[in-house]
Amino acid sequence: MYIEILVIFFILVFMILYRKNTGGKFYKYIANGVADVYDKYAPYSFKMVREKTKELGQEYTPRQYMIQIAVFAGGAAIITYLYFYSIIIAIIYAVIAVLFIPYLAYLRCNKVYSEYLFEQIQVYSTNVIMEFNTTQSFVKSLEGVRDSGVLEDPVLHDVTEMISIAYASSSIDDAIDYFNAKYDYYIIRNMHQLFLQITKEGSKDSGEALEGMSQDIDSLVESVYRDRIDRANFHKQFLTFGVALYFLVSLIQLLLGNDSYLALISTWYVQILLHLVVIINSYFLLSGEKYYNEDVGAE
């Protein structure tokens, strides 16, 4: 009893201090602290992903992150208090829920970057085919796409590297191997294989083959965007269902009565079962988030 009163007191102090910090100083301080830790320990590859997310204007602002923290902490506290009627347990789960926000940010940034990368690959493939129809030279096609301004890094950098490799080795084989290793899309491998055949063996109907390749790219793009729509619809339904599962305990309390439920949760094995319900449903939600955010645009 005294511990719970002490916890409530600290929460009140926290709220008062927060209200006194005008101009958003508090959440900016928290966000800057998190950013410092992130910059120190995050993998270099993910730092690049996050920077690109910022460039695209899709990174959350510090205020949005603070709102997310409040929603996660508040939601977890309310739900677990309905399960256990313990402020201590509710606070523990609230803290744990907040700790998962960086992981969700990681998934979201990867999703944004994956979508961006696929769009760049689409632009690269389509424009190289168009340039090749004019120049009939793979390297000249790459140079035309590089100089056209339609590509951005990292694809632009890798196309420039392809050109350097091709001139250094006097062959397009190494250049193609380099790009294929960086971007594992079957449409890229198929297109490069077609260019290898045309360059080395020649082809009387190269225009028809390239037209077929362009149609394949269009079909792929259409299927990827359709998949994004399907994922978004699934995501909304999945979150609604997952959150609703948490509140099944309210139905149990309604059927048993509040006094009977309090007597029930006083036993240790029921407490363990309730913890398992919360943990399993949370894992269920995290797995769904991972599916929704990963491999968007990949094949």
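Side-chain atoms are counted along with the backbone in the values below, which use heavy atoms only and exclude waters and symmetry mates.
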Report the distance from atom [atom1] of [X] to atom [atom2] of [Y], rounding to the nearest 0.5 Å.
X	Y	atom1	atom2	answer
Tyr283	Leu285	OH	CG	12.0 Å
Ile198	Ser137	CD1	OG	11.5 Å
Ser148	Glu143	OG	CD	12.0 Å
Ile163	Phe138	CD1	CZ	9.0 Å
Arg189	Leu194	CZ	CG	15.0 Å
Leu251	Leu256	CG	CG	9.5 Å

With a 4.5 Å heavy-atom cut-off, do [X] and [Y] have their side chains touching?
X	Y	value
Tyr116	Glu55	no
Tyr261	Val249	yes
Tyr183	Val155	yes
Met130	Asn133	no
Glu161	Ile165	yes
Leu248	Ile252	no
Asn258	Leu262	yes
Leu156	Val145	no

Practice problem: Check the pair Phe195, Ile129 against side-chain contact (heavy atoms from CB on, under 4.5 Å), reporting the backbone distance first and the verdict last. | Solution: CA-CA 9 Å; Phe195 282 129; Ile129 290 174; 4.2 Å; yes
Heavy-atom donor-acceptor pair, [X] side chain to [Y] backbone, under 3.5 Å:
X	Y	result
Thr267	Tyr269	no
Glu131	Lys140	no
Gln58	Arg108	no
Arg231	Tyr291	yes
Ser114	Asn110	no
Gln271	Ile265	yes

Practice problem: Measure centre to centre between the rings of Tyr83 and Tyr93, then say whether the value is under 6.0 Å. | Solution: no
Practice problem: Please check if the distance between the ring centroids of Tyr185 and His192 is under 6.0 Å. | Solution: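 No: the rings miss the under 6.0 Å criterion.
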For [X] and [Y], work out which heavy atoms get closest and say how close.
X	Y	value
Val159	Arg146	CG1-CB, 4.3 Å
Val139	Ala166	CG2-CB, 3.8 Å
Ser125	Ile217	CB-CD1, 3.4 Å

Quiz prompt | Partners passing side-chain hydrogen bond (donor to acceptor under 3.5 Å, both in side chains) against Glu59 (at least two apart in sequence or in another chain) | solution = Arg50, Tyr65
Quiz item: Should Arg226 and Asp230 count as an ion pair when the cut-off is N to O under 4.0 Å?
Solution: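 Looking at Asp230 together with Arg226, the answer is no, because their closest N to O distance does not fall below 4.0 Å.
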Could you list the donor-acceptor pairs under 3.5 angstrom formed between side-chain atoms of residues 232-245 and any protein atom two or more places apart in sequence or on another chain?
unit_1 : atom_1 : unit_2 : atom_2 : d
Asn233 : ND2    : Ile229 : O      : 3.3
His235 : NE2    : Glu289 : OE2    : 2.3
Thr240 : OG1    : Lys236 : O      : 2.9

Quiz item: Between Ile188 and Tyr124, does a side-chain contact (heavy atoms from CB on, under 4.5 Å) hold up when you go through it step by step?
Solution: CA-CA 9 Å; Ile188 289 293; Tyr124 163 78; 3.7 Å; yes
Quiz item: Can you say whether the rings of Tyr103 and Phe100 are parallel (under 30°), tilted (30 to 60°) or perpendicular (over 60°)?
Solution: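 Ring orientation of Tyr103 relative to Phe100: perpendicular.
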Quiz item: Of all residues at least two apart in sequence or in a different chain, which pass the salt bridge (Lys or Arg N to Asp or Glu O under 4.0 Å) check with Asp174?
Solution: none
